[in-house]
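What you see below is based on every heavy atom in this structure, not just the backbone, and it leaves out hydrogens, waters and symmetry mates. All values derive from a computational prediction rather than experimental measurement.
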Amino acid sequence: RTLLRRELLHLGSSASYLLNCVMGSLALLLLSGAMGYKADALRALAAQLPARELGAVLLTFTVVLVAGMNLLTVPSVSLEGEQLWQLQSLPVTPWQVLRAKLDLHLLVTLPPALLCLACGLVLLRTPWLLVLLAGLLVALDVVFTAAAGLMLGVTMPQFHWTSEMAVIKQNPSVLLALLLNWAAGFVLGVGVLVLAQFVPAEAAWMAALGILALADGAALRWLKTKGAERLQRL
């Protein structure tokens, strides 16, 4: 909890970190309000789609793509700068340090993502089973983007900087993470749409959930082992 509080204080005290890495959360909140304001238009648009489940799929992966704009974990290691030795000397494990950075991303990203998804699915009158599957998929995707970003941050840190903006906006890892997040969301969305043409929609969702669960497990396992070791040696 202390490490997470430290990450929250750093986020709140850095305008460049806050404005550039949390835009996805703001966009999700605005999207939630826009869907409520244009509820009738949203239902009319969904009614024109070939299948009822298609609206839920499009909405879910829109939320995934917007949530992928949050890039909190990517520059978090580099932003430690010359203070990294303080974390390394604390009586905590390297995994606890990385876990706090993951928790920050989840805390800032997951609630607005689920809120936006819930607003849209309720307006579309989506069946509860699809609501549950969509919520699980968004949650697993947020974990994946957080873990993948932290993997890039640990693997390619930049400690020689004079301004936080250089780490956040001129860091190739940030652009790479953004493209990876969007590519993963796009591939999963298209995959679900294509697979749903041949199998029941629920089976297509379960396949996407299985892929994300495997990706999350592999990324978290790497962070607990090789990522933690690398952080200790930086």
May I ask you to test the [X]-[Y] pair for a side-chain heavy-atom distance under 4.5 Å?
X      : Y      : value
Asn20  : Met165 : yes
Ser78  : Met156 : no
Leu104 : His10  : no
Phe186 : Val64  : no
Arg99  : Pro94  : no
Leu102 : Leu220 : yes

Hey, does the side chain of [X] reach the backbone of [Y] with a donor-acceptor pair shorter than 3.5 angstrom?
X      : Y      : result
Arg43  : Leu124 : no
Asp103 : Leu4   : no
Ser14  : Leu11  : no
Gln197 : Leu193 : yes
Thr60  : Ala134 : no
Trp205 : Val192 : no

To the closest 0.5 Å, what do you measure between [atom1] ([X]) and [atom2] ([Y])?
X      : Y      : atom1 : atom2 : answer
Glu7   : Leu107 : CD    : CG    : 11.5 Å
Trp95  : Leu231 : CH2   : CG    : 11.5 Å
Ile211 : Asp216 : CD1   : CG    : 12.0 Å
Leu98  : Thr93  : CG    : OG1   : 8.5 Å
Leu79  : Cys21  : CG    : SG    : 7.5 Å
Thr2   : Gln96  : OG1   : CD    : 10.5 Å

What about [X] and [Y], same hydrophobic cluster or not, with Ile/Leu/Val/Met/Phe/Trp/Tyr joined at side-chain heavy-atom distances under 4.5 Å?
X      : Y      : value
Leu129 : Leu114 : yes
Val190 : Phe198 : yes
Leu30  : Leu59  : yes
Val138 : Leu180 : no
Leu123 : Val63  : yes

Full working for side chain to side chain contact (heavy atoms under 4.5 Å, CB included) between Leu72 and Tyr17 | CA-CA 8 Å; Leu72 287 157; Tyr17 191 20; 4.0 Å; yes
Atom CE of Met23 with >12 non-hydrogen neighbours under 6.0 angstrom =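 For Met23, atom CE is not crowded (no more than 12 foreign heavy atoms under 6.0 Å).
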Answer yes or no: does atom CH2 of Trp222 have more than 12 heavy-atom neighbours from other residues, nucleotides or ligands under 6.0 Å?
->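 More than 12 within 6.0 Å, yes.
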Would you please name every residue forming a salt bridge (charged side-chain N to carboxylate O under 4.0 Å, His left out) with Glu80, sequence neighbours left out?
->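 So Glu80 forms a salt bridge (charged side-chain N to carboxylate O under 4.0 Å, His left out) with Arg6, Lys101.
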Where do [X] and [Y] come nearest, in terms of heavy atoms and distance?
X      : Y      : result
Phe61  : Gly185 : CD2-O, 3.5 Å
Leu115 : Ser32  : C-OG, 4.1 Å
Thr126 : Leu130 : CG2-CB, 3.6 Å
Leu71  : Ala177 : CD2-CB, 4.0 Å
Ile168 : Val174 : O-CG2, 3.4 Å
Ala146 : Thr73  : O-OG1, 2.9 Å

Partner of Leu188 under side chain to side chain contact (heavy atoms under 4.5 Å, CB included), chosen from Leu212, Val57, Leu209 =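 Result: among Leu212, Val57, Leu209, Leu212 is the only option passing the side chain to side chain contact (heavy atoms under 4.5 Å, CB included) with Leu188.
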Do we see a donor-acceptor contact under 3.5 Å between the side chains of Thr145 and Asn70?
->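 Asn70 and Thr145 do not have a side-chain donor-acceptor pair below 3.5 Å.
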